[in-house]
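Structure, as structure tokens:
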Protein chains: 2
Amino acid sequence: MSEMAQDETLFTLEDVASRAGVSRMTVSRVLNNRGGASEETQRRIRQAARELNYRPNAMARSLKSRRSSIIGVIVPDISNPFFPEIFRGAESVAQASGYTLILSNVVESADREAEVLEKLLAQQVDGIIWCSARMEDAALKKALAPTKSVVLVNRESDPELASSVTVDYALGARLAVDHLTEIGLRQIGLIAGPDWSFGAVERIRGVQKAMEARGLAPVDMVNCDPTIQGGETAAASMLAKHDSIDGLICYNDLTAIGALQAARNLELDVPKDLALIGFDDIDLAQLVTPTITSLGVERYEIGRAAMKLLLKQIDGQETEQKIVLHPKLMMRGSTLKTVV
Amino acid sequence: MSEMAQDETLFTLEDVASRAGVSRMTVSRVLNNRGGASEETQRRIRQAARELNYRPNAMARSLKSRRSSIIGVIVPDISNPFFPEIFRGAESVAQASGYTLILSNVVESADREAEVLEKLLAQQVDGIIWCSARMEDAALKKALAPTKSVVLVNRESDPELASSVTVDYALGARLAVDHLTEIGLRQIGLIAGPDWSFGAVERIRGVQKAMEARGLAPVDMVNCDPTIQGGETAAASMLAKHDSIDGLICYNDLTAIGALQAARNLELDVPKDLALIGFDDIDLAQLVTPTITSLGVERYEIGRAAMKLLLKQIDGQETEQKIVLHPKLMMRGSTLKTVV
DNA sequence: CTGAAAGCGCTAACAC
DNA sequence: GTGTTAGCGCTTTCAG
């Protein structure tokens, strides 16, 4: 007859109430710190609750109160090091406000995005943070319609339907171009990432504009998967075609690392023969040799900002429609200034 | 008067029922594909549901059915590349069975583990996958008591309280020792990782046993943080003390990479002067030079296995108490066989 | 200060 | 085939 683990049963308000000799209502009030009971009664109630190991049933509460205190987070791929930190940032804010997070991984598929959204709505989430990568604008807009509070990350839509937290990739692109030109490079290629990516499009436009402003243009540009393998393949083919290229701006750090491998295979020295610059500033960028220069965003901050914005919205406060974060140039070995 | 987005309202079974001119029950039966209505009625009901964009309220259903179809996943740190893949594996199975996952990040803190568990129980989760890293055995056991279905990952407890999915680290250690001795090394050191780690203890025991079986013993052994920095510091001090050492078995790939840096600083050539072997087979192991030989586990498989086990348990099936996965030796550059 | 009544949205069990 | 009754655990409203 051990003291522990004999409570297979789940106790309810009713149980606590009868044990304390009061009504459910009184227990409810006390346990939610809404007063409404004498000191003595409160004591008895709390003790009864403790003895029974009472745990309020969040579902029942939600059903009645019409607030689930659950927030959905949709990411394309949690294995991509970009997203765990966003999640952590979002979680840190959510937790402090008593919210619980459902994480939905969407494996880079637009269909799954729609499916997962339905599920979250059925689950009565109070809001959604949506890192939508694959869904087309029109479909996204339609999906957003039946939705209460949504914050989009890394993407925008009709501001009436959802606010957003984005990164100024065009600025990042300009910083990249500035940096490469400042260290004397002119023959710049673009490993552009997937053509369906919102961010990719912005980076391309940003690079083109920045180069134009200096009377330059990209030597070449190819799309690729946002992976190491994708970067390697793309860079290999580009470098084979244009041996004049002295700098590559890559979609992200993974593709930059792929490009690094491609350069090695061609016996090109990075940064002497070829400079590389990536985006995202993932940990890996500092762990390869040479280290990769990158345009970093504080991903944890993205998550925090998105969740703060969302909670304000849920709260019914008037909020800004969009937040734009600025990337910072992290100079590293792959673009070391060559001695002029 | 656009057709879209005018449905701020949430419709209920009642709404669908009255629109279709039947009772709630009939709607419920039809929408849950439990028959009980004529073809014609079914058609009317489905149409009404579609017109109203009816979405069943999962909370209400859970309250009634006493099954939330939600599963909690507790990880120490989702930013650690070890865990996202476990999550993905678990999700792939859960999704196929209609479960939704709450992810709780516990930032490597035992207190947070307990807190998060409470929250999940209040949320009425049907089960929990718990990658518990920090909580002490006694506390874990106590925490497990009020719990229905839990699968522990990378750790065990009282099998009455929770089943588990673990990795046979002792086997991994043996494979490491075998490999190093086969390529002719005898002076083996052990970079042992954190002393609070379940896996670290198993690896140490495994190495010692395997070496004993060959009439050998580790030259030295030091604990360290499970990070690159930790590995570097530990390896530097060990190599300074024993210049006879020709092979290091490291807690994980990160510490192995740290050791690699330490070796470089001492102008030792890897693998010629010193062989290195890590655990986990993270992506990084293939991205450094030389590439790191490692004992790999299929993390995605861990997640899948854990979720399968959990769902069976929830289902009331008799299940095995523990599943043990076997690491595989991934031979790479850091232990290249020297010409004999 | 405390409690009774009513109902959140859904579904099992039993009628008709 | 279809509807009625009852109730999951909680809280809002309003009386005592």
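Throughout, protein chains are lettered first and strands after them, A, B, ... in sequence-line order, and every chain is numbered starting at 1. Keep in mind that the numbers below use all heavy atoms, side chains included, and drop hydrogens, waters and symmetry copies.
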Name all residues meeting the salt bridge (charged side-chain N to carboxylate O under 4.0 Å, His left out) criterion together with Arg67(B); count only those two or more places apart in sequence or in a different chain, and write none if there are none.
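Result, salt bridge (charged side-chain N to carboxylate O under 4.0 Å, His left out) vs Arg67(B): none returned.
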Covered region of DNA chain D, 5' end to 3' end, by chain A [heavy atoms, under 4.0 Å]:
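Reading along DNA chain D, I get dG9(D) to dT12(D).
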Heavy-atom protein contacts under 4.0 Å, nucleotides 6-14 of chain C, coded B base, S sugar-phosphate only, - none
BBBBBBBB-
pair [X]-[Y]: side-chain heavy atoms closer than 4.5 Å:
X         : Y         : result
Phe87(A)  : Val73(A)  : yes
Leu31(B)  : Tyr54(B)  : yes
Pro159(A) : Lys322(A) : no

State whether a side-chain donor-acceptor pair under 3.5 Å links Gln124(A) with Ser62(A).
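Not at all, the side chains of Gln124(A) and Ser62(A) share no donor-acceptor pair under 3.5 Å.
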Return the CG to CG distance between Asp77(B) and Asn105(B), rounded to the nearest 0.5 Å.
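Asp77(B) CG to Asn105(B) CG: 5.5 Å, rounded to 0.5 Å.
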Does a salt bridge link Arg134(A) with Glu113(A), judged by any charged N lying under 4.0 Å from a carboxylate O?
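Salt bridge: no.
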If the threshold is 4.0 Å, N to carboxylate O, is there a salt bridge linking Glu40(A) and Arg43(A)?
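Arg43(A) and Glu40(A): salt-bridged.
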For Ser62(B), which contact category applies under a 4.0 Å heavy-atom criterion: base, sugar-phosphate, or nothing?
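Nothing, no nucleic acid heavy atom in range.
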